[in-house]
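Written below as structure tokens is the structure these notes are about.
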Amino acid sequence: MSEDVLKNDKKNKIEWWKSQGIEPYGRKFTREPVASLTPDRKGIVSIAGRIMTIRRHGKAAFCDVMDQSGKIQVYFKKDILGEILFERFKNLDVGDIAGLKGELFVTHTGQLTLLVKDFVLLSKIIRTLPEKWHGLKDVEIRYRKRYLDLIMNPESQKVFSLRIKILNAIRNFLNNLGYFEVETPMMHPIPGGAEARPFITHHNALDMDLYLRIAPELYLKRLLVGGMEKVYEINRSFRNEGISTLHNPEFTMLELYSAYGDYQEMMDLTQDLISCVLREIFDSQEIDFGDTRINFGLPWKKIYWEDCWKRFGIENWRDKNKIKQVFSDLHLDTEGKEDTFELLDLLFKRKIEPELIDPTFIIKFPVEISPLSKSWPGDPSMVERFELYVGGLEVANAYSELNDPIEQNERFIKELEGPSERPKVIDQDYIEALEYGMPPAGGLGIGIDRLVMILTGSLSIRDVILFPVLRPKQ
RNA sequence: GGGCCGUUAGCUCAACCGGCAGAGCAGGGCACUCUUAAUGCCAAGGCUGGAGGUUCGAUUCCUCCACGGCCUACCA
């Protein structure tokens, strides 16, 4: 280890502990979470954690010790500890991890405190923690050195513990409904299930390129063919695209499929799932997100995609000239877009999406932008599909799954004619699977990171991902 | 990829029109046995993100580079 790492004479402290015959990096220590301790607790209790502050008073000192459950004040007193242990205490620093044994008491100011009778050093800090009062604010360091963020910023600790609780609640909810949690490949020979640029990697022994998956969809539906009726996967997908407050190159998606169901069932399920998470974890139907308050009270709004355009005077959304007219009437830049769907998408993003604060289902989409969805009964130009918007963000996407192999193949062929940056290859293996018969099914995808953003009031996806993608320093 | 903003001590922040780079906390020393942003005293801490340029003189003005943030774009 280099000299400059051993800051501020802490190297000498390491030497001091060694000179006392004590290994400054300790071993197993049996302890209780500090938050579980109450004043009526009698006898010796053991706790362990990081020393966050030291207030020295000559022959005594108060410290705050933090473990994952919370903080507790501890009191070191020379006449209680004796010469040897008090000398050891003097060689403790803010940031050290220690195991402490003692008795609980309440101070004159009414604070629960552990009177330390014995302690061991479990890990010596040889750097300096960020400042105790302002914490760690530099966002770059917070992302790069998340461990410091977690030590110094309780709000950050809170967001990630909520993320875990949300995921557990989702899993419990689905497991109770009989869904199987499955794991499908993350390395795909042909990327599919979404429209996105993939990451490419290479397998040496097979001498072949593989793609990090952009969605698990096509594999999960192969499981429906195989007779698994309710499956879900919560894991990473990867998209080789720009980074923003809403996009991280690797992100977590929930995808689930229910045989013999449809998009309506998925709409009910989405409502039930998110309502359940709110009830169990937040005990509230309202969440503050930025400047707005989101009301999750049932039932959620439903708007037909086709009806979105009527407020702009667009009666026929295939009328490209009319759409362009609207852009010019609204003084909205078309940004060089010519394609009808791209223009509508842009109009939606600029004018409609920001207003969708309370949960809103957008229903029934054109087939052209929904290559894996089952057509609308009696209208083959539209499909049974919805998207869910909350807080102005797209959070979920679901549809009745297309299970007709012939139509699916035709849709894939049409897709190839589009301007996709994906490899121009059809997943014939998937078509073959459909040819063996896939039950009709409802499928649902939920962007977990975005859902966690909304539920925790985080305005950047980087605040809900422990280690977001960053360029390496220097 | 484009635009704007930022980068000063371990951390949080100052430094007027270009004139010796400053504080709090942390760290070091001393004192102090109920403090909680403990307190008091002493000492230390810097290649101002990097490289050039303008200038007698650059943290400050200019150019390029690196990293980050926000917006935008690609995209759900």
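Everything numeric in this text was worked out from a predicted model, so none of it was measured. The sequence lines fix the lettering, A, B, ..., with proteins before strands; numbering per chain opens at 1.
For Lys137(A), taking side-chain heavy atoms from C-beta onward, the closest of the listed nucleotides rU12(B), rC70(B), rG10(B) is rU12(B). The side chain of Tyr75(A) lies closest to rU33(B), out of rU33(B), rG24(B), rA26(B). Here the nucleotide nearest the side chain of Phe62(A), chosen from rC34(B), rG69(B), rC32(B), is rC34(B).
Comparing the C1' positions of rG6(B) and rU60(B) gives an interatomic distance of 15 Å, to the nearest angstrom. On the P atoms, rC5(B) is 27 Å away from rC20(B), given to the nearest whole Å. Distance check on atom P: rC62(B) versus rC16(B) gives 15 Å, rounded to whole Å. Comparing the C1' positions of rC30(B) and rG10(B) gives an interatomic distance of 24 Å, to the nearest angstrom. Distance check on atom C1': rU55(B) versus rA23(B) gives 30 Å, rounded to whole Å. Distance check on atom C1': rC13(B) versus rG50(B) gives 23 Å, rounded to whole Å. Of the C1' atoms belonging to rG1(B) and rG45(B), the separation is 42 Å, rounded to the nearest Å. Taking atom P in both rU48(B) and rU8(B), the straight-line distance is 12 Å, to the nearest Å.
Among the protein residues, Lys337(A) comes within range of the sugar-phosphate backbone only, with heavy atoms under 4.0 Å from sugar or phosphate atoms but none that close to a base. At a threshold of 4.0 angstrom between heavy atoms, the contacts of Phe348(A) with the nucleic acid are absent. Contact annotation for Thr245(A): backbone-only contact, meaning every heavy-atom pair under 4.0 Å involves sugar-phosphate atoms and none involves a base. Residue contacts shown for Asp79(A) include a base, since a base heavy atom lies under 4.0 Å away. Using a 4.0 Å heavy-atom cutoff across all strands shown, Phe86(A) reaches no nucleic acid atom at all. At the heavy-atom level, Leu148(A) lies nowhere under 4.0 Å from the strands shown. Arg55(A) comes within 4.0 angstrom of a nucleotide base, judged by non-hydrogen atoms across all strands. Lys59(A) comes within 4.0 angstrom of a base, heavy atoms only. Using a 4.0 Å heavy-atom distance criterion, Leu388(A) is classed as making no nucleic acid contact. Nucleic acid contact class of Leu470(A) (heavy atoms, under 4.0 Å, all strands): sugar-phosphate only. Among the protein residues, Arg142(A) comes within range of no part of the nucleic acid, since none of its heavy atoms lies under 4.0 Å from any strand. Contacts of Arg144(A) with the nucleic acid, taken as non-hydrogen atoms under 4.0 Å apart, involve only primed sugar atoms and P, OP1 or OP2. Within the nucleic acid shown, Gly447(A) has no heavy atom closer than 4.0 Å to any nucleic acid atom.
Salt bridge absent: Glu87(A) and Lys78(A) never bring a charged side-chain N and a carboxylate O closer than 4.0 Å. Ion pairing between Glu255(A) and Lys221(A) fails under the 4.0 Å rule for side-chain N and carboxylate O. Using a cut-off of 4.0 Å between Lys/Arg side-chain N and Asp/Glu carboxylate O, Asp449(A) and Arg163(A) are scored as salt-bridged. A salt bridge is defined here as a Lys NZ or Arg NE, NH1 or NH2 lying under 4.0 Å from an Asp or Glu carboxylate O, and Glu355(A) with Arg311(A) meets this definition.
Of the nucleotides present, rC65(B) is the one that pairs with rG49(B) by Watson-Crick or G-U wobble criteria, both distances under 3.5 Å. Pairing of rU33(B), defined by two Watson-Crick or G-U wobble distances under 3.5 Å, is not identified with any nucleotide. When Watson-Crick and G-U wobble pairs are counted only if both distances are under 3.5 Å, rU54(B) pairs with no nucleotide at all. The base-pairing partner of rC70(B), taking Watson-Crick or G-U wobble contacts with both distances under 3.5 Å, is rG3(B). Taking a pair to require two hydrogen-bonding distances under 3.5 Å in either a Watson-Crick or a G-U wobble arrangement, rG28(B) pairs with rC42(B). Across all strands shown, rG18(B) forms no Watson-Crick or G-U wobble pair with both distances under 3.5 Å.
Not a single donor-acceptor contact under 3.5 angstrom links the side-chain atoms of Glu140(A) to the base of rU7(B). One can find a donor-acceptor pair under 3.5 Å joining the base of rU35(B) and the side-chain atoms of Thr107(A).
Residue Asp64(A) contributes atom CG, which lies 13 Å from atom P of rA26(B) at whole-angstrom precision.
Contact annotation: the side chain of Trp300(A) approaches that of Ile274(A) to within less than 4.5 Å [non-hydrogen atoms, C-beta and beyond]. The closest side-chain heavy-atom distance from Leu451(A) to Leu455(A) is below 4.5 Å.
Put simply, the side chain of Arg450(A) never gets that close to the backbone of Val395(A): no donor and acceptor are under 3.5 Å apart.
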